[in-house]
Amino acid sequence: MKVDVLLGLQWGDEGKGKIVDVLTPKYDIIARFQGGPNAGHTLEFEGIKHVLHTIPSGIFREDVLNVIGNGVVIDPVVFQKELEKLEPFNLNIKDRLLISKKAHLILPTHRLLDQASEEAKGKNKIGSTLKGIGPTYMDKTGRNGLRVGDIYSPNFEQKYHALVEKHVGILKHYEGFEYDLKDLEGPWFEGISVLKNLTAIDSEQYLDKALKAGKRILAEGAQGTMLDIDFGTYPFVTSSNTVAAGTCTGLGVPPTKIGNVIGIFKAYCTRVGSGPFPTELEDEDGENIRKEGREFGATTGRPRRCGWIDIPQLKYAIMVNGVTELSMMKSDVLGNFTKIKACTHYIMNGEKIDYFPFDVADVEITPVYEEIEGWNCDLTKLNSFEEAPQALKNYVTYLERILEVPITVVSVGPDRTQTLNNKK
Ligand code: GDP
Ligand code: IMO
Ligand code: MG
């Protein structure tokens, strides 16, 4: 058996939560491998909308186990709130959610450091979700961090205070930055006691056994490829490896055990936070997409920047992830355009290029578009891809030809049921 991977190919919010939920019945285990509560994964079914931040998107399907891997960072406060929201649904979380002992903890001071660092950056800020993600991963690689397994140790509080002391020392360098740590610590320790009641595992051992027992596993990514710490639009990125390789380090799965890599993208493109976005539309078309697609952040509520699909960017993401199949999301959102556009290449320093350049954050690049017939109709009630308007079918064929990967799923609305299979 192999581990399939599902991840975002753009700047996040592609609809990963929805598709993980749709695919979950085919799997025994869903495992998150990186990121933390900066993620907001939305699932809609039976008239209810759920937003998950740390808990994998397989949690609503009975009999499926959900694993939070070592590559994830957990804020006990956000986590407790997430659990409380799920309580009315009787999901038997205690037996169905397993957490890696090696996952790192977000401390209240990590959140403060994130905030202080962003404020100090002024107009150069990353646009972080302010959830403490960057400082927590910095402590992980700096070998200072606290992990879930540490909460069972008798000297946990001592370790906590030692790290907080370091953070307080750093915070002193941010002149004028004020905070009240005492208010934040109570809820944090309450969250720790909630975490203690759940099952902590060694995810690498657990998943190895599961694979040997023939279990089917889907790894769920967070953020998107262009927010990857190595391959994204650095420095406007998150602090983890969001790409397929992150599955290996974030769960303890060997590279030889990776199966299908399912890449998710929107029929257009969005980004929330700062940083380069070559196909961004700051006009009526962009406003139209934002309105129709309800493009506001699931975690922060910020308006998402909107633009046309970017083929060189997608090709790059497909390459670094080794994508084997694609899901095209939010096709219905373009329903009132008679013409849509796809960026086929860029002009940089007067030269035509068809790759994603290193210095995209510093150099002006102008996207060059191909105009494509829009479907200009409501897709949300379609029951099968065969019934889809020819213009949508042509768009799918066009993208498959240019991206050289099959599009197996076309999504036409936020609900679980608004998902069309395009099986070859
Ligand atoms: P994720 O972070 O990748 O899981 O995506 P988010 O949940 O942050 O953002 C995706 C948003 O689009 C959510 O509000 C989803 O409910 C919604 N969504 C997902 N697929 C579709 C679709 O095909 N059409 C429409 N209109 N909305 C969708
Ligand atoms: P999901 O999993 C979209 C963005 C932030 C910011 C940058 C760094 O829902 O797709 P961070 O808080 O990680 O330090 O922020 O990354 N960002 C996301 N954008 N979707 C997400 O997650 C994101 N998680 C982080 O807006 O620009
Ligand atoms: Mg999201």
Side-chain angles (χ1 to χ4, degrees), residues 1-8 12 16-17 19-21 23-24 26-39 41 52-59 61 64-74 79 93 96-106 133 136-137 140-141 145 147-150 195 198-225 227-231 238-264 320-324:
M1 295 305 284
K2 298 219 168 179
V3 177
D4 291 339
V5 185
L6 183 140
L7 43 76
K16 298 175 288 294
I19 295 299
V20 170
D21 171 63
L23 295 178
T24 296
K26 291 211 258 171
Y27 293 93
D28 301 300
I29 300 173
I30 307 296
R32 262 284 295 274
F33 60 90
Q34 47 69 230
N38 48 349
H41 293 182
L52 298 170
H53 302 288
T54 324
I55 296 173
S57 303
I59 201 70
R61 304 279 196 174
V64 172
L65 284 170
N66 290 265
V67 172
I68 298 177
N70 57 281
V72 175
V73 291
I74 302 176
F79 186 65
I93 301 262
R96 295 185 46 238
L97 183 64
L98 307 169
I99 305 169
S100 167
K101 290 179 200 159
K102 299 186 181 77
H104 278 247
L105 293 170
I106 302 176
I133 305 296
T136 306
Y137 280 112
K140 175 179 176 173
T141 50
R147 303 185 290 175
V148 167
D150 294 325
L195 255 182
L198 294 174
T199 311
I201 57 162
D202 290 300
S203 64
E204 64 281 26
Q205 310 271 12
Y206 183 87
L207 295 176
D208 179 59
K209 279 198 192 110
L211 284 172
K212 285 181 178 143
K215 303 283 184 208
R216 297 155 304 170
I217 303 172
L218 178 66
E220 172 178 1
Q223 289 77 55
T225 301
L227 291 172
D228 180 274
I229 183 72
D230 283 284
F231 301 106
T238 191
S239 298
S240 62
N241 280 118
T242 61
V243 294
T247 312
C248 299
T249 54
L251 291 173
V253 172
T256 48
K257 290 283 193 275
I258 301 296
N260 282 336
V261 180
I262 306 159
I264 311 271
V320 292
N321 289 302
V323 171
T324 57

Less than 3.5 Å apart, any donor N or O on the side chain of Thr242 or Gln223 sitting next to an acceptor on the other?
no
Distance-only side-chain donor-acceptor flag, Asn38 / Thr238, under 3.5 Å:
yes
When rounded to the nearest 0.5 angstrom, what is the spacing between [atom1] in [X] and [atom2] in [Y]?
X      : Y      : atom1 : atom2 : value
Ile264 : Ile19  : CD1   : CD1   : 5.0 Å
Ile30  : Leu97  : CD1   : CG    : 12.5 Å
Leu251 : Ile68  : CG    : CD1   : 11.5 Å
Leu52  : Arg32  : CG    : CZ    : 9.0 Å
Leu6   : Ile262 : CG    : CD1   : 5.0 Å
Ile55  : Ile93  : CD1   : CD1   : 5.0 Å

Say whether, by atom type as modelled, one donor and one acceptor occur between the side chain of [X] and the main chain of [Y] under 3.5 angstrom.
X      : Y      : value
Thr324 : Val261 : yes
Arg96  : Val64  : yes
Gln34  : Ala222 : yes
Asp228 : Thr225 : no
Asn260 : Asp4   : no
Glu220 : Val20  : no
His104 : Arg147 : no

Residues Phe79, Ile99; criterion side chain to side chain contact (heavy atoms under 4.5 Å, CB included); working and verdict:
CA-CA 12 Å; Phe79 186 65; Ile99 305 169; 3.8 Å; yes
Let me see the working for Ile106 and Ile133 under side chain to side chain contact (heavy atoms under 4.5 Å, CB included), right down to the final yes or no.
CA-CA 7 Å; Ile106 302 176; Ile133 305 296; 4.0 Å; yes
Between [X] and [Y], which heavy-atom pair has the shortest distance, and what is it?
X      : Y      : value
Thr247 : Ala219 : CG2-CB, 3.6 Å
Ser57  : Gly17  : OG-CA, 3.5 Å
Phe33  : Asn241 : CE1-O, 4.1 Å
Asp202 : Lys102 : OD1-NZ, 3.1 Å
Ala103 : Val72  : CB-O, 3.5 Å
Asn70  : Ser203 : OD1-OG, 3.4 Å

Beyond-backbone contact of [X] with [Y], side-chain heavy atoms, under 4.5 angstrom:
X      : Y      : answer
Leu105 : Leu195 : yes
Tyr137 : Ile229 : no
Arg216 : Met1   : yes

Quick one, Asp28 with Leu65, criterion side chain to side chain contact (heavy atoms under 4.5 Å, CB included). Give me CA distance, side-chain angles, the key distance, then yes/no.
CA-CA 6 Å; Asp28 301 300; Leu65 284 170; over 6 Å; no
Given Ile29, which of Leu207, Leu218, Leu211 fulfils the side chain to side chain contact (heavy atoms under 4.5 Å, CB included) condition?
Leu207
Let me know which of Arg61, Lys16, Lys26 forms a salt bridge (Lys or Arg N to Asp or Glu O under 4.0 Å) with Asp21.
Arg61
